[in-house]
Amino acid sequence: MNDRYNIHSQLEHLQSKYIGTGHSDTTKWEWVTNQHRDSHSLFIAQHDMLSYFALSENESRARIKFNFLERMIQPCGPPPERMDTDD
């Protein structure tokens with residue numbers, strides 16, 4: 001029983017420390033948005049990958065980096081409207 005509590009507290013610590021790990025109340029939209037932002041930040045950080053995208057799209061690396069930064073603002077569109085469950 002003690003191990004289960006220890007693992008649960010470690011998971012809660014990770015979820016509070018890192019946004020992308022999610023939690024029980026994370027919606028599908030939030031999770032997908034975090035995945036897209038993580039992907040775009042990886043593409044920007046990896047110089048070779050950024051060069052690959054620039055070559056394949058026939059754009060400069062600075063333009064591709066700018067486009068990825070623009071896409072990170074709302075990568076999955078505006079958030080869906082939440083339905084209130086208050087009775």
Side-chain angles (χ1 to χ4, degrees):
M1 182 68 178
N2 193 19
D3 289 337
R4 182 182 293 172
Y5 177 73
N6 190 19
I7 291 171
H8 185 60
S9 65
Q10 289 176 356
L11 184 60
E12 284 180 351
H13 174 71
L14 281 175
Q15 290 170 343
S16 67
K17 189 173 180 183
Y18 301 108
I19 296 171
T21 56
H23 50 81
S24 62
D25 295 331
T26 301
T27 63
K28 180 180 177 182
W29 181 85
E30 290 172 334
W31 186 80
V32 171
T33 299
N34 286 333
Q35 295 299 313
H36 281 302
R37 285 184 178 148
D38 288 346
S39 297
H40 290 316
S41 64
L42 174 75
F43 299 154
I44 291 169
Q46 299 292 325
H47 179 73
D48 293 335
M49 194 168 279
L50 191 63
S51 296
Y52 173 76
F53 284 119
L55 181 65
S56 66
E57 294 184 17
N58 197 23
E59 294 282 348
S60 67
R61 282 181 285 152
R63 170 57 64 181
I64 297 297
K65 187 174 183 178
F66 175 77
N67 289 342
F68 281 141
L69 287 172
E70 286 282 314
R71 290 183 204 162
M72 286 177 69
I73 295 172
Q74 281 190 336
C76 299
E81 294 183 17
R82 292 185 180 244
M83 298 178 72
D84 292 333
T85 57
D86 297 335
D87 291 329

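Hydrogens, waters and symmetry mates play no part in the numbers below; they use all other heavy atoms, side chains included. Just so you know, residue 1 is the first one in the sequence shown, and it goes up from there.
Contact between I64 and E57 at its shortest, heavy atoms only, is CD1-OE1, 3.2 Å. Considering every non-hydrogen atom in both P80 and W29, the closest pair reads CD-CG, 3.6 Å. Nearest heavy atom pair, residue L50 against residue I44, reads CD2-O, 4.2 Å. When all heavy atoms are compared, the tightest approach of C76 to V32 is SG-CG1, 3.4 Å. Nearest heavy atoms, T33 versus P75: CG2-CG, 3.8 Å. Closest non-hydrogen pair, W31 versus T26, comes out as N-CG2, 3.9 Å.
Atoms CZ and OG, from R71 and S39 in turn, are 11.5 Å apart once rounded to the nearest 0.5 Å. Going from atom NE2 of H47 over to atom NZ of K65 covers 10.5 Å, rounded to the nearest 0.5 Å. Taking CG from L55 and OG from S60, the interatomic distance works out to 12.5 Å, rounded to the nearest 0.5 Å.
In terms of hydrophobic clustering, with Ile, Leu, Val, Met, Phe, Trp and Tyr side chains grouped at heavy-atom distances under 4.5 Å, L42 and L69 are assigned to different clusters.
Ring-plane geometry between F43 and F68 is classed as tilted, the angle between the planes lying from 30 to 60 degrees on a 0 to 90 degree scale.
Under the side chain to side chain donor-acceptor pair (under 3.5 Å) criterion, R63 pairs with no residue, sequence neighbours left out. In terms of the side-chain contact (heavy atoms from CB on, under 4.5 Å) criterion, residue partners of S41 (sequence neighbours excluded) are, by chain and number, M72.
Side-chain atoms of R37 come within 3.5 Å of backbone N or O of I73 as a donor-acceptor pair.
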